[in-house]
Every structure is written in structure tokens, then in C-alpha cells.
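In what follows, every chain begins at residue 1, and chains take the letters A, B, ... in the order their sequences are listed. Note: hydrogens, waters and symmetry copies are ignored here, and every other heavy atom, side chains too, is used.
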Amino acid sequence: MQERWLPVWDDLAPFRSGRPDDVRPKKYVLDMFPYPSGDLHMGHAEAYALGDVIARYWVQKGFNVMHPIGWDAFGLPAENAAIKRGVDPGEWTYANIAQGLSSMRRFACSFDWDRVFNTCDPDYYRWNQWFFLQMFRRGLAYRKDSAVNWCPNDQTVLANEQVVGGLCERCDTPVTKKKLTQWYLRITDYADRLLEDMEQLQGQWPDKVLLMQKNWIGRSQGAEVEFVIEGREQPVTVYTTRPDTLYGATFFVVAADFDLAAELAAGTTVEAEFADYVEKVKHESEMDRLDSSRAKTGVFLQRYAINPVNGERIPVWASDYVLADYGTGAIMAVPAHDQRDLDFARTFGLDVRVVVGGAEDPSITGEATADDGPHVNSGPLDGLDKADAIVAITQVLADRGTGRPATNYRLRDWLISRQRYWGTPIPIVHCPSCGEVPVPDDQLPVVLPPAAGLDLKPKGQSPLGAATDWVNTTCPNCGEPALRDTDTMDTFMDSSWYFLRYADPRNDTAPFDPALVREWLPVDQYVGGVTHAILHLLYSRFFTKVLFDMGMLDFTEPFSRLLNQGMVVMDGSAMSKSRGNLVRLSDELAVNGVDAIRLTMVFAGPPEDDVDWAEVSPSGSKKFLARAWRLSGDVTSAPGVDVTAGDHELRKLTHKAIRDAEMSVESFRFNVAVARTMELVNVTRKAIDSGVGPADPAVREAAEAVAIMLSLVAPYTAEDMWSRLGHAPTVALAGWPVVDPALLVEESVTCIVQVAGKVRERLEVPPGIGEDELRTMALGSPGVVKALEGRGIRTVIVRAPKLVNIVPE
RNA sequence: GCCCCGGUAUCCCAACCGGCAGAGGAAACGGUCUCAAACACCGUCCAGUGUGGGUUCAAAUCCCACCCGGGGCACCA
């Protein structure tokens with residue numbers, strides 16, 4: 001069947017979306033684009049089977065559906081292959097892309113092949129550079145020196161989002177910290193909008209993803225409070241969410257790796273001890289730091305801070321439990337009401353003072369209390385509850401000019417520099433006299449130098465640095481000798497706007513024509529794994545807002561609706577070679593065929609659930625498809641026969657199945673839609689063998705409906721059925737059958753009659769029966785009379801036409 | 001530790017606003033076809049919905065507590 005239909009489809013190109021004379025309304029269905037790893041695997045098969053159901057459904061419903069595909073083609077695997085086997089990363093990538101495309105064709109993906117592009121093409125990454133420079137000019141791209149996440153295995157820095165539980169997202173190596181000057185995008189400027197615009201996505205995206213993004217952005221409300229440090233001119237500001245506990249502050253902590261700590265330690269007797277401590281902290285991995293069961297460490301800096309509300313002298317400590325890059329890098333410690341502060345206080349024998357009453361003494365229990373309650377030991381705040389105390393103290397601080405309300409975010413700016421080869425070069429020239437100079441737009445793209453002759457081995461510095469001819473250039477500003485920036489961009493840059501490029505993939509004068517983007521976007525339906533709940537989806541939302549501000553877009557959210565598909569697992573755990581539970585897609589396709597594998601993926605369960613390959617039955621799918629296919633050979637009436645003359649009962653079942661399938665697809669219950677199709681196949685089989693017979697027009701109607709319903713999932717089988725039923729290709733454009741509402745009306749309904757909740761009688765009643773009539777009928781029915789046996793009746797609940805419940809005395 | 005999601009037959013899964021617990025599939029078993037088997041076809045088997053309480057005429061569905069599984073966050077002041 002594959003050999004028969006693939007060339008026909010190539011010829012008809014049913015999923016081409018770019019015809020200028022196409023009057024159908026538009027819809028944009030998008031699958032997250034893949035990394036070109038070579039052959040497709042089981043995960044791809046599931047993702048594309050699901051995306052295809054949606055895309056093909058909307059085509060059947062008469063929409064001009066754009067369902068594009070492309071390749072997220074920059075990234076480490078190409079480079080690692082180059083290092084290991086000496087192949088050129090570009091050649092490796094393009095060979096994989098070619099293989100991937102041919103697998104997709106065989107898998108019968110309904111992609112628009114005219115829109116394919118690869119992010120590693122200079123025609124594409126040129127616009128990464130252009131966007132970067134636009135942001136640079138707007139102050140949204142900047143360079144700073146900071147302690148960054150460092151993966152010792154990949155020898156490159158990582159964004160915060162790419163550190164998962166202290167491990168590198170790519171290779172699971174424990175991440176360490178390194179002080180480096182790197183490029184950042186100011187995503188934190190958009191924190192509030194990223195949060196607030198989620199309202200548009202409510203109900204359209206999985207709640208889980210919205211929640212994860214909300215937590216990741218981590219907005220918190222509190223106050224900044226200034227503390228004078230003895231012997232220092234400038235006061236030090238701290239951020240706290242509990243300014244009401246200010247009277248309970250008994251010490252002060254500065255992040256050990258923050259410059260302020262070194263400054264305060266300078267000239268004290270503990271300077272050497274502090275230096276040792278900082279050295280130790282620096283060598284700690286992110287994993288160790290995140291271990292909250294770990295004992296608190298720190299150094300008393302021999303300095304004192306003055307509590308602005310009561311003038312108390314409190315000792316200043318340096319510790320690694322305070323983070324340099326959150327808030328202000330320094331905190332007031334209130335051990336009675338913060339567990340971390342309490343742990344620290346108990347380790348070093350510092351005072352604990354309860355200021356929110358009622359609780360047991362935390363210094364004895366070891367449990368800090370976070371309850372609300374009347375304040376004590378807090379001067380003017382005594383007796384107030386938490387909310388009132390916060391208002392009161394914030395006012396006091398504001399009046400004295402030593403504090404103010406403040407908002408903080410967990411979100412950090414997006415670190416985009418990478419010290420690797422296979423990515424987009426950062427289009428900046430470093431000039432000894434002009435500084436950071438953007439490469440002029442007319443000199444873009446800054447094309448990667450050839451990999452040949454470069455040592456791509458990770459060594460902590462970009463391999464581009466060794467491409468002498470490439471690095472040495474002249475300053476676009478003053479013309480003097482200057483050096484190119486040698487880092488490449490995070491590949492998440494590439495994926496942050498690719499969905500826009502599909503609308504206009506060959507544009508060579510702009511990233512896209514805003515008019516075309518306005519026609520197609522935002523994406524009506526996005527399909528992809530939940531692994532990108534924060535990473536790609538957050539960055540894309542950020543990019544969209546920036547481009548909106550630049551006037552290039554007229555919407556602020558890129559993906560109107562999101563479906564997260566699950567993973568394909570084996571015996572409950574992720575497939576991997578090391579576990580020895582890898583199922584090869586090519587093997588499965590060879591044994592059961594494309595259609596059966598696609599059907600198995602879709603039928604396995606709700607799309608967001610994982611598919612456990614040990615629990616599903618591709619051979620069962622294959623059998624079902626054969627059963628369905630056989631129907632097409634049994635129909636003896638001619639195409640175009642008047643179906644209204646067909647058997648009424650079968651027609652009703654057919655139309656009900658179509659309606660149910662359509663509602664199921666629209667609410668993502670694809671497994672249910674398949675079940676409805678199976679039901680229809682079963683009743684049609686019966687009609688042919690032992691019912692109205694193969695010549696009844698209703699049998700043709702049912703078989704054709706089966707072919708169209710199956711075309712969403714099993715394109716080969718459906719096409720072949722369609723042809724055997726006497727139609728020209730392609731079934732993909734046959735159009736979804738129109739449901740006749742008259743055939744959905746039930747002539748009678750079974751009404752159940754309960755006595756005390758137990759079913760005692762079933763009545764066949766017209767659907768429009770009135771309550772009173774039904775009540776009378778029910779009360780007079782023999783089953784009810786018997787069940788009541790002379791008992792009185794307390795209440796009768798009537799829910800016409802389906803239910804009557806009689807409650808006896 | 002905190003926050004989400006889930007728990008229905010041997011297994012995977014359905015069940016709309018609370019209204020007969022079963023749509024579909026897998027497995028198993030029996031039968032028809034066959035020299036036999038496979039295929040195909042027909043049929044059978046199987047739970048009172050994790051546990052305990054509550055609300056209701058009525059709970060898989062709503063509420064509370066707990067158990068189990070999965071996921072997210074986690075020294076963010």
C-alpha cells in the first residue's frame with residue numbers, strides 16, 4: 001500500500017497550504033520541530049501521529065491547514081559526532097535531515113513540505129543575529145560578569161532553565177559555578193507580562209504548564225529595608241517578604257560569594273578565614289548546594305548592622321545559604337520565623353526572638369513558625385496580625401526613608417552565550433577603542449567559519465577563537481583591527497521564533513513578512529512534550545512580546561492552544577539502550593506497518609498519558625485495520641447511491657458515530673474517537689453478514705464514513721478503502737461527513753424507575769414526555785407497585801425522560 | 001517539606017450537568033471454519049470505582065482525612 005499511495009500523494013500534495021487562490025479559512029497546527037537525530041524513533045511516531053489527527057481533522061472540516069515541519073538543527077550532538085568520528089557537523093546534520101525527511105514521508109505525516117527549513121542554514125540564523133542586534137539596541141541584550149552555571153562535561157555555560165535539579169539538562173553532569181562575562185537577554189523585564197498574559201492561556205494550555213511557569217517566574221511581594229553597617233558609609237539593603245518580623249531580626253547574613261562580603265571582611269581578623277571559606281564555597285557543585293539537609297556553614301565577619309527600627313546591634317555573617325543573585329544578596333535573619341535562619345542560629349548559638357506570639361519556642365522545638373497571629377516584642381506592632389503589621393511597618397520605614405515595598409522574582413535573565421561551535425555566532429565585534437560594536441545589518445549573516453581545521457573539543461573556550469582569519473576583523477565603527485565575539489548562541493534562540501518563520505520561510509529581506517504572519521498566527525494548535533513546559537515555551541512567549549513591542553506582531557501570545565503529549569515508555573520506564581528496553585520504530589513498522597503503529601499510539605489512551613509499549617497491542621491494531629479494510633470490498637452498491645434510501649437503524653448508528661468521533665477529536669479524546677470508529681466497523685460488519693446485507697445504501701454510507709474517520713489515523717488503509725469504494729484519491733480531502741440532525745433524534749428513551757435508589761422498572765418513553773405523565777406512568781408500573789408493597793411515598797424525583805426515583809416512607 | 005495530577009474488570013482504558021458502572025481494545029476461555037494450524041467469524045468470562053467519613057432522593061463524579069502511584073518546585077529570604 002505504501003508503494004502504491006506515496007507517489008500519488010506526492011503528486012496531489014494535499015497538505016500544501018500556500019496556494020494564493022485558496023479560499024478556505026486558515027488554521028495553523030504545529031508540532032514542536034525535532035532535532036535531526038537520524039531515523040525517527042518511537043517518541044516521534046507518537047507525537048506526529050497525534051499532531052496528524054488534529055491537522056488532518058481540520059483539513060477534513062474544510063480548513064486551509066498549515067502544518068509545517070523543520071529542523072532544530074544546531075546543537076551539541078552534531079559537534080560531539082564530529083569530535084568522535086571526525087565528520088563535519090554540517091554534513092552530519094544535513095545527512096540526518098535527509099534521512100529524517102524520508103522517514104516522515106513514509107510515516108505519512110501531513111506536513112507541508114514546501115515550508116521546511118533548518119535553523120543551521122545561514123538564511124535562517126542570520127535572523128537570529130538580526131533579532132539579537134535589535135535587542136542589543138533596545139538594551140535587552142547585554143553583557144555582564146557574574147557567577148554562572150557551568151557544565152564541566154560539555155564545557156559550556158548554561159541558562160538557569162537548563163539546570164535541572166543541579167544537573168545539566170543535556171548530559172546530567174553536576175553543574176558548578178564559574179565567574180564569566182556573558183551575554184544575557186533581559187527576560188526579567190518581561191516577568192510581569194509573562195505572568196499576566198497567562199490569563200489568555202487559561203483553559204487553552206494544560207493547567208500544569210501554566211502552574212510551572214508561574215512557579216518559575218516566582219513573583220513575591222515584600223519590602224526592602226536598609227540596614228546601616230557600622231563603619232560603612234552606605235547602608236545595605238535587604239529584601240524580605242516578612243517585614244513585620246523586623247523586630248525579630250537577631251543577625252544579618254551576606255551571601256559569601258557576593259562582593260559585599262569580601263569588602264566587609266577586609267581588614268578584620270577573620271579575613272583569612274573568610275577567604276578560605278569562599279574558596280570552599282566556590283568549589284561546591286550546584287547539587288551539594290541544593291541539598292537542604294546539609295548543615296549550615298558561615299563566618300562571623302566581626303562587623304555589626306543596626307536594626308533600623310530598634311537600633312539594635314546585630315552581628316553580620318557571611319554564608320552560602322544566602323544567594324548572591326536573588327534579592328539584594330543580603331538578608332536580615334529572623335530565626336524564630338524562618339527555618340533556614342533558625343538552622344543557622346542553632347548551629348552558631350545565635351539569639352532567637354519570637355515576635356509572632358502563641359507558638360512554642362522555636363529555639364527549643366527546632367521548628368520555625370510561619371503562622372499568623374498577634375505580634376509581640378515588636379514595639380508599635382504588638383497585638384497586630386500579620387497583614388496589619390506589614391502595612392504598619394512598611395509605613396514606618398517609608399516615613400523614615402529606610403524602606404519601601406518591593407517585588408522580587410525567581411526568574412533570572414536568560415544567559416545565551418555558549419562556548420561551542422555548532423550554533424549562531426554572536427554578531428558583535430570587540431574593538432579596543434569602541435567597545436562592543438554590533439555588526440551592521442548589511443553584513444549579516446556572520447557565517448560560521450568552516451569546521452575543518454578547528455579543534456572542536458570542549459575546552460572551556462569557544463572553538464571559534466582558533467579560527468584566526470575569522471576572528472580577526474576590523475571595527476565597523478572606526479575601521480581599526482578588532483576581534484569577533486567567539487561565543488555562539490543558545491539553541492533555544494533558534495526555537496524562540498521558528499513558528500513565525502513558517503509563515504514566510506523563504507524571505508531573504510526580513511525574518512518574515514508581518515502581513516503573512518498576521519494571516520496565519522498565532523498558532524491555533526501547538527503539540528509537543530511537557531519537557532519544554534518552561535524552557536522553550538517561556539522563551540518563545542518572551543520573544544513574542546519583544547517582537548510585539550517592536551511592532552512586528554499584533555499578538556502577544558504565540559500559541560493559542562497547547563497539547564502536551566506523553567512519552568513512549570517500556571515496562572513503565574523511559575526507553576534507553578543502557579536499560580536494554582529500547583523498542584526500535586523501524587522494527588515495529590516492519591512488523592505491523594505504519595498505520596497500525598500510528599493507530600496504536602493514538603488508541604493507547606489519552607494523548608497526555610505515557611504510552612507503555614508493553615501494554616498496547618500493535619498486532620490488535622493491525623487486525624482491526626484489516627477488518628475495517630474488508631468492509632470496503634463487501635459494499636456492492638455503487639458510489640453516489642442515494643443513502644437516504646438506506647436502512648434507518650444503521651444510518652442512525654453511523655451518524656451518531658460520526659458526531660461522537662468529531663466531538664472526541666475536538667476535545668483531544670482521540671482514543672475515544674477510535675473506539676467509536678471500531679464500534680461503527682462492528683455494526684457495519686453485522687449489517688453485511690446478518691442484517692440488511694451488502695447492497696443496502698446505508699452500508700456504503702457507513703463504510704465511507706469509516707474510511708474518512710480512519711483517514712485521520714491510518715492514511716494508507718483509508719486511502720485504499722476509498723479507492724476500493726470507487727472514489728478517486730485522496731480520502732484526505734474527502735471532507736468530513738455532514739451529520740444529519742434528524743438521524744440523531746431518539747424515537748424512544750429507556751427511562752429507569754428506581755425505588756429507594758434501586759432499579760425496579762424500565763419504561764420505553766418518548767424523549768419529550770412530560771414530568772407529570774412520566775410520574776403517573778412510573779407509579780402505576782407493576783415493578784414499582786410490587787416494590788412499594790403498600791408502603792407510602794415520601795417523595796418522587798422525576799428527571800424526564802431518563803429517570804424517576806421514588807423515595808418510600 | 002510544599003504544590004499539582006491520577007487510582008474503575010487480569011491488563012490498557014470509557015462513562016457529558018451527580019442519575020442503569022462499560023463504549024472500545026488486549027489477554028483468557030469456548031465454538032464455527034480447517035486434515036490440522038494460522039487467519040477470519042460468533043460467543044463467554046470479569047469490577048461496584050484506593051481506604052474511611054460526609055453532603056444528597058441519588059456519588060466513580062462534590063467535600064474532608066488518609067494510603068498508593070506519577071510529576072513539578074525546593075536554602076528564592
Interface polar pairs with nucleotides 57-59 of chain B, N/O, under 3.5 angstrom:
unit_1: B:rC57; atom_1: O2'; unit_2: A:Asn805; atom_2: ND2; d: 3.4
unit_1: B:rC57; atom_1: O2; unit_2: A:Asn805; atom_2: ND2; d: 2.5

All N/O pairs under 3.5 Å across the protein-nucleotides 14-18 of chain B interface:
unit_1: B:rA15; atom_1: OP1; unit_2: A:Arg669; atom_2: NE; d: 3.4
unit_1: B:rA15; atom_1: OP1; unit_2: A:Arg669; atom_2: NH2; d: 3.4

Nucleotide N/O of nucleotides 70-72 of chain B paired with protein N/O under 3.5 Å:
none

Taking N or O atoms only and anything under 3.5 Å, show me the protein contacts with nucleotides 5-10 of chain B, one pair per line.
none

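One N or O donor and one acceptor, one from the side chain of A:Lys296 and one from the base of B:rC75, sit under 3.5 Å apart. At a cut-off of 3.5 angstrom, counting only N and O atoms as typed in the model, there is no donor on one side facing an acceptor on the other between the side-chain of A:Arg685 and the base of B:rC41.
OP1 and OP2 of B:rA26 both lie 4.0 Å or more from every side-chain N or O belonging to A:Ser619. Of the side-chain N and O atoms in A:Arg760, none sit less than 4.0 angstrom from OP1 or OP2 of B:rC20. The phosphate of B:rG25 (OP1 or OP2) has a side-chain N or O of A:Asn682 nearer than 4.0 angstrom. Between A:Tyr321 and the phosphate of B:rA77, there is no side-chain N or O to OP1/OP2 separation shorter than 4.0 Å.
Side-chain atoms of A:Glu588 and A:Trp613 include a donor-acceptor pair closer than 3.5 Å. Counted by atom type alone, A:Glu161 and A:Trp414 present zero donor-acceptor pairs between their side chains at under 3.5 Å. A donor-acceptor contact closer than 3.5 angstrom is absent between the side chains of A:Asp571 and A:Asn581. Of the N and O atoms on the side chains of A:Thr241 and A:Ser220, not one donor lies less than 3.5 Å from an acceptor on the other residue. For the 3.5 Å distance criterion, the side chains of A:Ser667 and A:Arg669 qualify, holding a donor opposite an acceptor. Between A:Thr188 and A:Tyr409, the side chains place no donor N or O within less than 3.5 Å of an acceptor N or O (distance only, hydrogens not considered).
Across B:rG72 and B:rC66, the matching P atoms stand 23 Å from one another, rounded to whole Å. One P atom belongs to B:rA26, the other to B:rA40, and the distance between them is 10 Å to the nearest Å. Remark: the separation of the P atoms in B:rU61 and B:rA9 is 15 Å, to the nearest Å.
By the rule that a glycosidic angle within 90° of 0 means syn, B:rG48 counts as syn. By the rule that a glycosidic angle within 90° of 0 means syn, B:rC17 counts as syn.
The distance between atom CG of A:Leu599 and atom C1' of B:rC12, rounded to the nearest whole Å, is 14 Å. The CD atom of A:Glu615 sits 5 Å away from the P atom of B:rC12 (whole-angstrom rounding). Regarding A:Phe624, its CZ atom lies at a distance of 15 Å from the P atom of B:rA27, rounded to whole Å. To the nearest angstrom, C1' of B:rA40 lies 14 Å from CD1 of A:Ile688.
Closest contact between the side chain of A:Arg627 and the listed nucleotides B:rA74, B:rA40, B:rC41 involves B:rC41. Closest to the A:Met678 side chain, of the nucleotides B:rC20, B:rG25, B:rA26, is B:rG25. Of all nucleotides listed (B:rG43, B:rA40, B:rA77), B:rA77 comes nearest to the side chain of A:Tyr239. Relative to the side chain of A:Arg762, the nucleotides B:rC75, B:rA77, B:rC20 differ in distance, and B:rC20 lies closest. Of the candidate nucleotides B:rC4, B:rC73, B:rA77, B:rC73 has the atom lying nearest to any side-chain atom of A:Arg410. Taking the side chain of A:Arg630 as heavy atoms from C-beta on, and the options B:rA40, B:rG24, B:rC20, the nearest nucleotide is B:rA40. Side-chain proximity of A:Trp216 to B:rA74, B:rG24, B:rG43: nearest is B:rA74.
Distance alone, capped at 3.5 Å, is enough to place a donor-acceptor pair between the A:Ser319 side chain and the A:Tyr321 backbone. A donor-acceptor distance shorter than 3.5 angstrom exists from the side chain of A:Asp610 to the backbone of A:Met567, with no hydrogens or angles considered. Remark: side-chain polar atoms of A:Asp413 are not paired, donor with acceptor, to backbone N or O of A:Tyr184 under 3.5 angstrom. Judged by distance alone, the side chain of A:Arg541 and the main-chain N or O of A:Leu194 form a donor-acceptor pair under 3.5 Å.
A salt bridge links A:Lys656 with A:Asp660: the distance from a Lys NZ or Arg NE/NH1/NH2 to an Asp or Glu carboxylate oxygen falls below 4.0 Å.
Heavy atoms of A:Ser621 sit nowhere under 4.0 angstrom from any nucleic acid atom. A:Ala604 comes within 4.0 angstrom of sugar-phosphate atoms only, judged by non-hydrogen atoms across all strands, and of no base. Residue A:Val674 is classed as having no contact, given no heavy-atom separation below 4.0 Å to the nucleic acid. In this structure, A:Tyr409 reaches neither bases nor backbone, as no heavy-atom distance under 4.0 Å exists between it and the strands shown.
The cationic group of A:Lys296 does not satisfy the cation-pi geometry with A:Phe344, failing either the under 6.0 Å distance to the six-membered ring centre or the 45° limit from the ring axis.
Every pair passing salt bridge (charged side-chain N to carboxylate O under 4.0 Å, His left out) that includes a residue from residues 210-226 of chain A is listed here, sequence neighbours excluded: A:Asp192-A:Arg219, A:Glu196-A:Arg219, A:Glu224-A:Arg404, A:Glu226-A:Arg404.
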- Message: Walk me through whether A:Thr245 and A:His337 qualify under side chain to side chain donor-acceptor pair (under 3.5 Å).
- Response: CA-CA 8 Å; A:Thr245 62; A:His337 307 296; over 6 Å; no

- Check the pair A:Gln754 / A:Arg760 against side chain to side chain contact (heavy atoms under 4.5 Å, CB included), numbers first and verdict last. CA-CA 5 Å; A:Gln754 300 174 324; A:Arg760 297 296 188 185; over 6 Å; no

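Among the duplex regions that RNA chain B forms, those built from at least three successive Watson-Crick or G-U pairs under 3.5 Å are B:1-7 with B:67-73, B:10-12 with B:24-26, B:28-32 with B:40-44, B:50-54 with B:62-66, ordered by first number.
Both A:Ala675 and A:Asp689 lie close to RNA chain B; mapped to their nearest nucleotides by heavy-atom distance, the more 5′-ward contact belongs to A:Ala675.
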